[in-house]
Amino acid sequence: MNKPTILVVEDDAPVRNLMITTLKTHEYKYLTAPTGQEAVMLASSHNPDVVFLDLGLPDMDGIDVIRQIRSWSNMPIIVISARSEDEDKISALDAGADDYLTKPFSVEELLARLRVTIRRLSMMNTDTGADSSVYINGNLKIDFPAGCAFLNGEELKLTPIEFKLLCLLAKNTGKVLTHTYITQNIWGRSWDNDVASLRVFMVTLRKKLEQGPDSPEYIQTHVGIGYRMLRVE
Ligand code: CA
């Protein structure tokens, strides 16, 4: 893929300049918008590859920017926000954001998140992408139509719920999925005890999937928020 174009949505000039300088240094192309309205306009007119989105904008809530963009596009959105409260992150993710970063952030962290997102983008455009019937990530292989998963060539003995969970995370590799999103997809609802069950299923799934459950290679935990399947090199 050519050098991706990033739309930087941020009203705070010093933060915006830091992001622009970082992108320039690493030879990314970029566009900037200091308001939500300009962000929505540029997103539709220029179709950027990735959006960096501040949630606290002068004219509208960043969450509404996500909803508007999501009404026509799946372009990856990384929320970058001073609001450290989990609830804002969860609302942003549930509205369709892919990832989040809390201010103040380091330039390395910003670049790392961007790389994860771009890898996800290029994966979606290749054979091993989300719509393919076989998923391969590191030593993990999932055969969706056959309903089985393999680690290092050996079939994993998964319960139907564990398999559903693994498929849901795999189909969204690189994206943070909230507890609500996961439980609604697995059980069709999201009650408190569903989230508690989810934690239990995640423990058993990881025991089967991860070599060292304390340093998971595949499934990352976002405490109080949800889980993400990582792309393993
Ligand atoms: Ca702001």
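First listed ligand is number 1; within each ligand, the first listed atom is number 1.
Ion pairing of D12 with K103 is absent here, as no side-chain N (NZ or NE/NH1/NH2) approaches a carboxylate O to less than 4.0 Å. Ion pairing of R189 with D194 is present here, as a side-chain N (NZ or NE/NH1/NH2) and a carboxylate O approach within less than 4.0 Å.
Interatomic distance, CG of N139 versus CD of E154, reported as 11.5 Å (0.5 Å rounding).
The aromatic rings of F144 and Y135 sit tilted, their planes meeting at an angle between 30° and 60°.
Protein N/O/S atoms closer to the Ca ion (ligand 1) than 3.0 Å number 3 in this structure.
Considering M229, Q220, K89, H222 as possible partners of V176, the one that fulfils the side-chain contact (heavy atoms from CB on, under 4.5 Å) test is H222.
Looking at residues two or more places apart in sequence or on another chain, you find a side-chain contact (heavy atoms from CB on, under 4.5 Å) between S197 and W187, F201.
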